[in-house]
There are 2 protein chains.
Amino acid sequence: MAGRRVTINDVASLAGVSIATASKALNGRQDVRASTRERVLAAAAELSFQPNALARGLLSGQTRTVGLLTSDSVGRFGIPVLLGAEDAFGAGEMAVMLCDARGDAIREQHHLRALLSRRVDGIIVVGESTNPRPSVSKDVPVPVVYAYGPSDDPEDVSFVPDDVGGAAMAVEHLLALGRRRIAHVTGPRHYKAARDRAEGLRIALEAAGCEQAGETMWGSWSQRWGRHAAEMLLMAEPGVDAVFCGSDQVAAGFVEAARERGRSVPGDIAVIGYDNWEVLSTETRPALTTVDMNLELLGRTAAQHLFAAMDGRATPGVHRMPCHLVIRDSTAAA
Amino acid sequence: MAGRRVTINDVASLAGVSIATASKALNGRQDVRASTRERVLAAAAELSFQPNALARGLLSGQTRTVGLLTSDSVGRFGIPVLLGAEDAFGAGEMAVMLCDARGDAIREQHHLRALLSRRVDGIIVVGESTNPRPSVSKDVPVPVVYAYGPSDDPEDVSFVPDDVGGAAMAVEHLLALGRRRIAHVTGPRHYKAARDRAEGLRIALEAAGCEQAGETMWGSWSQRWGRHAAEMLLMAEPGVDAVFCGSDQVAAGFVEAARERGRSVPGDIAVIGYDNWEVLSTETRPALTTVDMNLELLGRTAAQHLFAAMDGRATPGVHRMPCHLVIRDSTAAA
DNA sequence: TACGTTTCCGAAAACCTTTTAGTTCTCGGG
DNA sequence: CCCGAGAACTAAAAGGTTTTCGGAAACGTA
């Protein structure tokens, strides 16, 4: 909390050289005698000199800073993506500016302007769901990469989890366990995530020549709905031997209600969730088998491709990132 | 993704004035004729001019940017604080640079240097627990405010939840319901949060002239421990009529195990959690009465006090922010 | 007309660093 | 001793904005 910031000028004076030489010495450039370099470095250390990134950025046009614009309230899905991105960037010397638009388009524009006036080198937009969202790339003179929620412009660079594949993987696991009467309880139909997962289920069942047990039950992403659905389903389709749930919350509710109704999990009914939200999936009893969307990897990948785009090597299109299955007790072999 | 950035020079030329006049017009300064100002504004709008924050910051020494340094992996507690801070800043024109040190002191130093070289105007440090953490303020030429985890230097500005008060509030609620045999199940003893909450319990009981039922049960912050503790406690102290749990996870486990052992909640045993982690507290059955630490408010307050400190009005000391009780079904009246 | 006052505008400095294009130094060879 | 080449160094410009200060224009008064 003190005095004037120390500049390269101070370092140069202390070392008894010009600022040009000091700059070269500090940046490891040629054309400076070893002994001189040493003197400059010593002076810089003594004054604990920190080059002013603003001045440097003004000159080079590169701030080594990227913006991260989230539309949800950095919720369940934004966090891991953010962490992955921060991770990828942090490895170099990048800094991340975080903006949360709270789902408000006006605020988003505002944040976008703020980021641009600070001359970020690129922007990652994190969606609140996997539903496509309006592109911002046209208004923006730097590369943009979309993570989790893709842009509605196919020319943009987007990374989304492969929900169809993830769901198919889950159902194939159930089939491999010998389950044949498989039901599906999931979230609201207007979520692309819910529709994609239902589609994955359909594909896997069809490939196995198997019928779905009952209709897909659309509801909400809540534990409450999982419980409610369990009650209805066990009444309507008593022969069900497996349930693929659209989220861990739904699955947790389902498991609880099923057990209360005297059905053992996984004995009578195997249950699979989605998200691998560990506070739920590892703490329910039995612990949930679930699909992990590798969100942190997704974030890291998005960041790496933002780097590439900043480097002129853009990779347009919607890239689907594979999910993986985390097998726990709720689908243990009989 | 196009051409050279437009500068104030372009605006000035288009408006047919000097850059000095353009600057004054754009910044609402005096000494510029109304008609001229209009011309400049029109030119700026036409070119969609964005002033270069780097140049501005270089000159003014103010970047209108703050750093947010978290030590945990932006975990359970960092998020709300971050949101609150972003909220407080976003109202003005502040931007937030996010750095996650992953609990590593080296990385923290690294991030700190990165923030300082970018000339942030201030820094918020978010702790991973309420245990005091090493101060960084000496090495830093800008104001620092600590949120959630206080600095170990009492001259620094820290904001922490008032866990003692929160716990007392919870216990008073139990007492008001007529419960007298109150037990305590909590997390590891090396967490100050756990110790503070136990202390709040002691104070409230003492004020009511009431004995604690059994010893405080130290364990971990997990649902598993809650279940385990419930089994032990119901065996050892069958007369218990209320349990104050050190976290919602512990409480959720406790409730589950108690119900399985045939004790009704809240009929036989009232249960209170801590944290108001909504995914747990609203979804367990019965829904948990719990202590909410107002973390988002805490973050916002920290941000506001950082503003004050940047303005030369620092407020040294460890400020304890009040918690509030969220009453749900797990302590409903008999 | 001369002069003083306002009002408005523009030239230039300042912020800090990097890079370019010299300039000086050193030293070996003639 | 001088020259030339290469190494080591420096002055200055550039990057975009704000601010200060001086100057010009416009206008009113004597």
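Just so we're on the same page: letters track the sequence lines, and every chain starts at 1.
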**Prompt:** Who passes salt bridge (charged side-chain N to carboxylate O under 4.0 Å, His left out) against Glu108(A), sequence neighbours left out?
**Reply:** Arg133(A)
**Message:** Reading DNA chain D from 5' to 3', where do the contacts with chain A start and stop? Cut-off is 4.0 Å to heavy atoms.
**Reply:** dA8(D) to dG16(D)
**Prompt:** With side chains defined as the heavy atoms from C-beta onward, is the minimum distance between Val125(A) and Ile123(A) less than 4.5 Å?
**Reply:** yes
**Request:** First locate atom CE of Met321(A), then atom CG of Asp163(A), and finally report the distance between them rounded to the nearest 0.5 Å.
**Result:** 13.0 Å
Between the protein and nucleotides 19-27 of chain C, are there any N/O to N/O pairs under 3.5 Å, and if so, what are the atom names and distances?
unit_1	atom_1	unit_2	atom_2	d
dT19(C)	OP2	Arg29(A)	NH1	2.8

**Request:** Write down the distance between CD (Gln62(B)) and P (dC15(C)), rounded to a whole number of angstrom.
**Result:** 16 Å
**Prompt:** Closest nucleotide of DNA chain C for Leu58(B) versus for Ser18(B): which of these residues is on the 5' side?
**Reply:** Ser18(B)
**Prompt:** Strictly by modelled atom types, are Tyr148(A) and Ser129(A) linked by a side-chain donor-acceptor pair under 3.5 Å?
**Reply:** no
**Prompt:** What does Ser60(A) touch in the nucleic acid at a heavy-atom separation under 4.0 angstrom: a base, only the sugar-phosphate, or nothing?
**Reply:** nothing
**Request:** Using ring-ring contact (aromatic ring centres under 6.0 Å, His included) as the criterion, list what pairs up with His111(A), not counting sequence neighbours.
**Result:** none
**Prompt:** Side-chain contact, heavy-atom cut-off 4.5 Å: Pro161(B) with Leu298(B)?
**Reply:** yes
Would you give me the side-chain donor-acceptor pairs under 3.5 Å for residues 11-30 of chain A, sequence neighbours excluded?
unit_1	atom_1	unit_2	atom_2	d
Ser13(A)	OG	Asn9(A)	O	2.7
Ser18(A)	OG	Ala20(A)	N	3.4
Ser18(A)	OG	Thr21(A)	N	3.3
Ser18(A)	OG	Thr21(A)	OG1	3.2
Ser23(A)	OG	Asn27(A)	ND2	3.3
Asn27(A)	ND2	Ser23(A)	O	2.8

**Distance in angstrom units between Gln30(B) CD and dT7(C) C1', rounded** = 11 Å
**Prompt:** For Ile8(A) and dC15(C), what is the distance between atoms CD1 and P respectively, to the nearest whole Å?
**Reply:** 15 Å
**Request:** Assess whether side chain to side chain contact (heavy atoms under 4.5 Å, CB included) is satisfied between Arg118(A) and Arg64(B), documenting all intermediate values.
**Result:** CA-CA 10 Å; Arg118(A) 287 182 172 81; Arg64(B) 308 184 75 65; 3.5 Å; yes
For residues 45-56 of chain B, dump all side-chain donor-acceptor pairs below 3.5 Å to protein atoms at least two apart in sequence or in another chain.
unit_1	atom_1	unit_2	atom_2	d
Asn52(B)	OD1	Leu54(B)	N	2.7
Asn52(B)	OD1	Ala55(B)	N	3.3

**Message:** Rounded to whole Å, how long is the line connecting atom CG of Leu26(B) with atom P of dC9(C)?
**Reply:** 13 Å
**Message:** Expressed as a whole number of angstroms, how long is the span from Arg5(A):CZ to dT17(C):C1'?
**Reply:** 15 Å
**Asked** In terms of the nearest nucleotide of DNA chain D, which residue is placed more toward the 5' end: Ala34(A) or Gln50(B)?
**Response** Ala34(A)
